[in-house]
Amino acid sequence: MPEKKTQAAFCGEAVIADLEALTRDAAAVQRDTLCRILGDNASAQYLRCRGLDGRTDAASFRACVPLATHADIEPYIARIADGDTSALLTAKPITSMSLSSGTTQGKRKYLPFNQVLVKSTTRNKALYDGLLVTF
């Protein structure tokens with residue numbers, strides 16, 4: 001007979017300790033995350049057109065990629081919505097689009113997702129929901 005998996009008892013103190021460990025050096029985590037994202041997406045047209053040329057350091061990113069608004073990437077999103085499957089915004093294919101509620105600037109916006117973003121969003125929502133339940 002197969003063993004039943006038992007769910008570990010929730011321990012708020014352990015969650016807080018894990019969160020504190022993860023955020024102890026937030027700046028280093030952010031630099032490492034940026035480096036990984038830029039490396040993974042070096043072939044994306046958006047980054048190539050800004051002259052990043054595969055560089056993954058924060059200084060190059062700041063120098064080459066300006067602060068952008070949704071309006072700045074709307075032409076890329078429109079191409080994706082029209083069926084363009086090339087690496088426009090991310091190296092991995094955009095697999096789904098979400099439509100915002102329209103509360104920002106009074107206009108609904110398309111938000112592109114790929115499998116990495118879906119997984120990350122789902123994981124973060126689950127973490128947030130888990131923390132929310134504990135209070």
Side-chain angles (χ1 to χ4, degrees):
M1 180 187 304
E3 282 187 36
K4 288 185 179 180
K5 289 186 178 180
T6 58
Q7 187 174 8
F10 178 78
C11 178
E13 291 175 7
V15 170
I16 291 170
D18 288 345
L19 187 57
E20 286 176 349
L22 289 170
T23 58
R24 190 160 285 123
D25 191 359
V29 171
Q30 288 180 336
R31 282 189 303 275
D32 293 346
T33 300
L34 177 62
C35 179
R36 181 183 47 78
I37 290 169
L38 293 176
D40 289 350
N41 293 290
S43 65
Q45 184 180 29
Y46 182 80
L47 295 177
R48 285 186 294 115
C49 287
R50 275 139 191 87
L52 203 55
D53 297 324
R55 290 174 286 174
T56 62
D57 60 288
S60 295
F61 179 75
R62 278 193 298 273
C64 295
V65 182
L67 186 60
T69 66
H70 191 272
D72 297 323
I73 61 170
E74 276 183 323
Y76 295 94
I77 293 172
R79 287 175 54 191
I80 293 165
D82 287 340
D84 190 334
T85 59
S86 60
L88 296 173
L89 294 172
T90 65
K92 297 205 183 297
I94 299 297
T95 55
S96 59
M97 296 282 246
S98 177
L99 189 58
S100 74
S101 63
T103 56
T104 303
Q105 299 172 342
K107 179 182 168 191
R108 297 184 83 174
K109 296 170 181 63
Y110 286 103
L111 308 169
F113 285 89
N114 61 26
Q115 293 299 36
V116 173
L117 291 170
V118 168
K119 183 178 179 182
S120 175
T121 302
T122 304
R123 183 188 72 236
N124 290 339
K125 182 180 180 331
L127 174 63
Y128 175 77
D129 288 347
L131 290 174
L132 190 60
V133 168
T134 65
F135 294 107

**OP:** Please list, chain by chain and in numerical order, all residues satisfying side chain to side chain donor-acceptor pair (under 3.5 Å) with Asp25, sequence neighbours excluded.
**Re:** none

Original post:
Which atoms form the tightest heavy-atom contact between Pro75 and Ala71, and what is the distance?
Top reply: CD-O, 3.6 Å

Subject >> side-chain hydrogen bond (donor to acceptor under 3.5 Å, both in side chains): pairs with one or both residues in residues 27-42, sequence neighbours excluded >> reply: none

Original post:
Can you pull the ring pair (Phe, Tyr, Trp, His ring centres under 6.0 Å) pairs that have at least one residue in residues 12-33, sequence neighbours excluded?
Top reply: none

**OP:** Identify, with sequence neighbours excluded, every residue that meets side chain to side chain donor-acceptor pair (under 3.5 Å) alongside Thr85.
**Re:** none

Subject >> Pairs satisfying side-chain hydrogen bond (donor to acceptor under 3.5 Å, both in side chains), at least one member in residues 12-24, at least two apart >> reply: none

Original post:
Quick one: ring pair (Phe, Tyr, Trp, His ring centres under 6.0 Å) partners of Tyr76, sequence neighbours excluded?
Top reply: Tyr46

**OP:** Keeping to residues at least two apart or across chains, list the salt bridge (charged side-chain N to carboxylate O under 4.0 Å, His left out) pairs with something in residues 74-89.
**Re:** Glu74-Lys107, Arg79-Asp84

Subject >> Common cluster, Ile73/Leu34, ILVMFWY with side-chain heavy-atom separation under 4.5 Å >> reply: yes

**OP:** Write out all pairs satisfying ring pair (Phe, Tyr, Trp, His ring centres under 6.0 Å) with one or both partners inside residues 49-71, taking only residues at least two apart or from two chains.
**Re:** none

Subject >> All side chain to side chain donor-acceptor pair (under 3.5 Å) counterparts of Thr69, not counting sequence neighbours >> reply: Asp72

**OP:** Identify the heavy atoms of Ala44 and Thr90 that sit nearest to each other, and give their distance.
**Re:** CB-N, 3.9 Å

Original post:
So do the side chains of Leu47 and Leu38 get within less than 4.5 Å of each other, counting heavy atoms only?
Top reply: yes

Subject >> Where at least one partner belongs to residues 54-68, residue pairs that pass side-chain hydrogen bond (donor to acceptor under 3.5 Å, both in side chains), sequence neighbours excluded >> reply: Asp57-Ser60

Subject >> side-chain contact (heavy atoms from CB on, under 4.5 Å) partners of Leu67, counting only residues at least two apart >> reply: none

**OP:** Taking all heavy atoms of Ser43 and all of Ala91, pick out the closest pair and write down the distance.
**Re:** OG-CB, 3.5 Å

Original post:
Is there a side-chain contact between Lys109 and Ile77, using heavy atoms and a 4.5 Å cut-off?
Top reply: no

**OP:** Output every pair passing salt bridge (charged side-chain N to carboxylate O under 4.0 Å, His left out) with a member in residues 41-52, not counting sequence neighbours, ordered by first then second residue.
**Re:** none

Subject >> Approximate separation, where rounding is to 0.5 Å, of Ile80 CD1 and Leu88 CG >> reply: 5.0 Å

Original post:
Measuring from Ser98:OG to Phe113:CZ, what's the distance to the nearest 0.5 Å?
Top reply: 5.0 Å

